[in-house]
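Working notes, structure below.
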Amino acid sequence: MRIVDTILDKRDGRELSAAVINELIASYTAGEIPDYQMAAFLMAVYFRGMTAAETAALTLAMAKSGATVDLGAVPGVKVDKHSTGGVADTTTLVLAPLVAAAGVPVAKMSGRGLGFTGGTIDKLEAIPGFRTALSSEEFLANLGRIGVAITGQTADIAPADGKLYALRDVTATIESIPLIASSVMSKKIAAGADKILLDVKTGSGAFMKTPEQAFKLAETMVGIGTLVGRETMAVISTMHEPLGLAVGNSLEVAEAIDILSGAGGAPELREICLTLGAHMLVMAGKAADFAAGYRKLQELLDGKEALAKFAALVAAQGGNPDVVANRALLPLAAIRHIVASPAGGFVQSVDAARIGYAAMILGAGREYKGQQIDLGAGLVMHCRLGDKLALGQPLATLYTADPTKIPSAEAAISAAITIGPDKAARPELILGTVTAAGINMV
Ligand code: URA
Ligand code: CA
């Protein structure tokens, strides 16, 4: 096979065989195909798309490009949750201990943030002492003992995705349904969960800008999961503003603790955690139906069992569990700046990607892979879509160690928020679900 012929076939819209896709991925992972040819191939996929058979073949080739995890030793049905990524998506920090408190084992491999999206591993590292690189023995031992463990995705899980994702990030080829679907599903298949719950985002803070695209992506991923015998379900939710109020690593940990302790945080963040968690309980056989699962999780939040599980998780991974009662133990950047509303009126729209970009400028995120970040930097939003604002009212508080970053972050916040005279409606948070049986709109 000559790679140039594969690029040509894709460019001209001919379907690729599984054998050709396998060889492409194996050769690229082995370093035998240069990035410039792979970049051309990815752009051809971006414009031409892939058939269901091609997408499935690509996913399986990526899943078997490295090691696969065997969670067979962990009792119970393991349900893995994966979000397609967003801004202030603090879900895992709340959901993992919450679902574990209900008796569903949570064996989670998470990633770091890139661009305007954050990553769970960076957030957890904001907790003093917390170790995110667990050996597989420690990972399994913690799972057995407290029912939850979160570790960084090791380089040997779906290495083809690691290379491809980094290349896509710098070649404007992220927003492709077959490429996102194969990226997400290859990792989930390799990571060993029995069942997969996908949190597919749509809106200004997500890769899929429209609900139609998000449902199509969800159907593609559910189809792949079904094909490989892993029950897969997707929840489609909107991200027309940052999901939580806090954007930035330690700030998001603090908001997660607020939600777990019933002390505040964005209601939408709480709602999405209860919704995803209820589906996970049903999939794991721990709740008879969605409503029963939802009620059980509300009780675990109200009764502080989920908070206690979070503290146990922190302690088990070397972190200081006192952060649960004392937020001052978390790092916080020294310089504070309040962005004031330039006008009175209603919040018409919030560009979540721009808010994520502002947090990145302040030091909370990376512009390139491997960049050092400031775990105490970021911002907290003080307004939500549809809110009424007075002139000069705070829109957000910025936290940074570098005062030279404030003007550009402030400009990004101002550009992200549109204020107008008419009351704007809040969009529904949850649009529907996709299972092997089809789409269900809520
Ligand atoms: N999340 C992933 O894991 N991969 C993508 O391609 C996009 C979001
Ligand atoms: Ca319905």
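In this chain, numbering begins with 1 at the start of the sequence shown.
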Item to check | Test log, rule side chain to side chain donor-acceptor pair (under 3.5 Å), inputs Thr400 and Asp402 | outcome: CA-CA 5 Å; Thr400 186; Asp402 181 353; 5.9 Å; no
Checklist entry - Do the charged groups of Lys163 and Asp35 touch, with an N to O distance under 4.0 Å? => result no
Checklist entry - How far apart are the closest heavy atoms of Gly378 and Leu251, and which atoms are they? => result C-CD1, 3.6 Å
Checklist entry - What is the minimum heavy-atom distance between Asp374 and Ala333, and which atoms define it? => result OD2-CB, 4.1 Å
Checklist entry - Side chains of Val87 and Val247: does their closest heavy-atom pair fall under 4.5 Å? => result yes
Checklist entry - Is it true that the side chains of His337 and Thr397 contain a donor and an acceptor less than 3.5 Å apart? => result no
Checklist entry - At what distance, to the nearest 0.5 angstrom, does CG of Leu398 lie from CD1 of Ile361? => result 10.0 Å
Item to check | Any donor-acceptor N/O pair, Gln317 side chain to Arg131 backbone, under 3.5 Å | outcome: yes
Next on the checklist: Testing the basics here: between Ala214 and Ile236, what is the closest heavy-atom pair and its distance to 0.1 Å?
Outcome noted: CB-CG2, 3.8 Å
Next on the checklist: Measuring from atom OG1 of Thr173 to atom CE of Met43, what distance do you get when rounded to the nearest 0.5 angstrom?
Outcome noted: 6.0 Å
Next on the checklist: With a sphere of 6.0 Å drawn around NZ of Lys405, does it hold more than 12 non-hydrogen atoms of other residues, nucleotides or ligands?
Outcome noted: no
Checklist outcome for this item: Contacts of Glu268 meeting salt bridge (Lys or Arg N to Asp or Glu O under 4.0 Å) (sequence neighbours excluded), chain-then-number -> Arg384, Arg426
Checklist entry - Is the side chain of Ser65 donor-acceptor paired with the backbone N or O of Ala160 at a distance under 3.5 Å, no angle test? => result yes
Checklist entry - From Lys81 NZ over to Asp199 CG, what is the distance, rounded to the nearest 0.5 angstrom? => result 5.5 Å
Checklist entry - Is any side-chain heavy atom of Ile189 closer than 4.5 Å to a side-chain heavy atom of Arg230? => result yes
Checklist entry - Any ion pair linking Lys78 and Asp80 (charged N to carboxylate O, less than 4.0 Å)? => result no
Checklist entry - Is there a side-chain contact between Leu198 and Thr232, using heavy atoms and a 4.5 Å cut-off? => result yes
Next on the checklist: Is there a side-chain contact between Lys108 and Thr151 in this structure, where contact means two heavy atoms from C-beta onward sitting under 4.5 Å apart?
Outcome noted: no
Checklist entry - So, for Ser414 and Val339, which heavy atoms are closest and what is the spacing to 0.1 Å? => result OG-CG1, 4.4 Å
Below 3.5 Å, can you tabulate the donor-acceptor pairs from side chains in residues 303-314 to any protein atom, sequence neighbours excluded?
from, atom 1, to, atom 2, distance (Å)
Lys304, NZ, Ser261, O, 3.3
Lys309, NZ, Ile146, O, 2.9

Checklist entry - Are more than 12 heavy atoms from other residues, nucleotides or ligands located less than 6.0 Å from atom CZ of Phe346? => result yes
Item to check | No-hydrogen, no-angle side-chain donor-acceptor test under 3.5 Å, Asp89 and Ser83 | outcome: yes
Next on the checklist: Please determine whether side chain to side chain donor-acceptor pair (under 3.5 Å) holds for the pair Thr418 and Ser349, giving the CA-CA distance in whole Å, both sets of side-chain angles, and the decisive distance to 0.1 Å.
Outcome noted: CA-CA 5 Å; Thr418 334; Ser349 67; 2.5 Å; yes
Next on the checklist: Would the distance check show the side chain of Gln393 and the main-chain N or O of Ala390 forming a donor-acceptor pair, the cut-off being under 3.5 Å?
Outcome noted: yes
Next on the checklist: Taking Lys195's backbone N and O only, do any of them form a donor-acceptor pair with Glu231's side chain (distance below 3.5 Å, no angle check)?
Outcome noted: no
Item to check | Under 3.5 Å side-chain donor-acceptor pair for Asp161 and Ser186 | outcome: no
Checklist entry - For the atom pair CD1 (Ile355) and CG (Leu395), what is the distance rounded to the nearest 0.5 Å? => result 8.5 Å
Next on the checklist: I need the single residue from Val200, Thr202, Ile174 that forms a side chain to side chain contact (heavy atoms under 4.5 Å, CB included) with Phe207. Which is it?
Outcome noted: Ile174
Item to check | side chain to side chain contact (heavy atoms under 4.5 Å, CB included) between Val148 and Val99, intermediate numbers included | outcome: CA-CA 9 Å; Val148 54; Val99 169; over 6 Å; no
Checklist entry - Hey, does Gln153 have a side-chain heavy atom less than 4.5 Å from the side chain of Lys187? => result yes
Checklist entry - Just by distance, do the side chain of Arg366 and the backbone of Gly113 share a donor-acceptor pair under 3.5 Å? => result yes
Checklist entry - Under 6.0 Å from the OH atom of Tyr28, do we count more than 12 heavy atoms belonging to anything else shown? => result yes
Checklist outcome for this item: Between the CZ atom in Phe290 and the CE atom in Met283, the distance rounded to the nearest 0.5 Å is 13.0 Å
Checklist entry - Is the CD atom of Gln371 crowded by more than 12 outside heavy atoms at less than 6.0 Å? => result yes
Item to check | Note, Val347 side chain near Lys388 side chain (heavy atom, < 4.5 Å) | outcome: no
Checklist entry - Partners of Leu330 by side chain to side chain contact (heavy atoms under 4.5 Å, CB included), sequence neighbours excluded? => result Ile127, Pro128, Ser250, Val253, Ala254, Val323
Checklist entry - Do Phe139 and Leu71 have side chains that get closer than 4.5 Å, going by heavy atoms? => result yes
Checklist entry - Is there side-chain contact between Ser341 and Ile419, with heavy atoms separated by less than 4.5 Å? => result yes
Next on the checklist: Main chain of Ala352, side chain of Ser204: is a donor-acceptor contact present, judged purely on distance under 3.5 Å?
Outcome noted: yes
Item to check | Where Pro178 and Thr55 come nearest, the two heavy atoms and their spacing | outcome: CB-OG1, 3.7 Å
Checklist entry - Knowing that exactly one of Glu252, Lys201, Glu271 qualifies, which makes a side chain to side chain contact (heavy atoms under 4.5 Å, CB included) with Leu243? => result Lys201
Item to check | Rounded distance (nearest 0.5 Å) linking atom OG1 of Thr90 with atom CD1 of Ile259 | outcome: 8.0 Å
Checklist entry - Hey, are Glu255 and Lys123 close enough for a salt bridge, meaning a charged N less than 4.0 Å from a carboxylate O? => result no
Item to check | Passing candidate, side chain to side chain contact (heavy atoms under 4.5 Å, CB included) with Met221, options Val184, Val434, Thr59 | outcome: Val184
Checklist entry - Is there a donor-acceptor pair under 3.5 Å between the side chain of Ser135 and the backbone N or O of Glu138? => result yes
Item to check | Trace of the side chain to side chain contact (heavy atoms under 4.5 Å, CB included) decision for Glu428 with Thr238 | outcome: CA-CA 7 Å; Glu428 291 294 330; Thr238 54; 5.7 Å; no
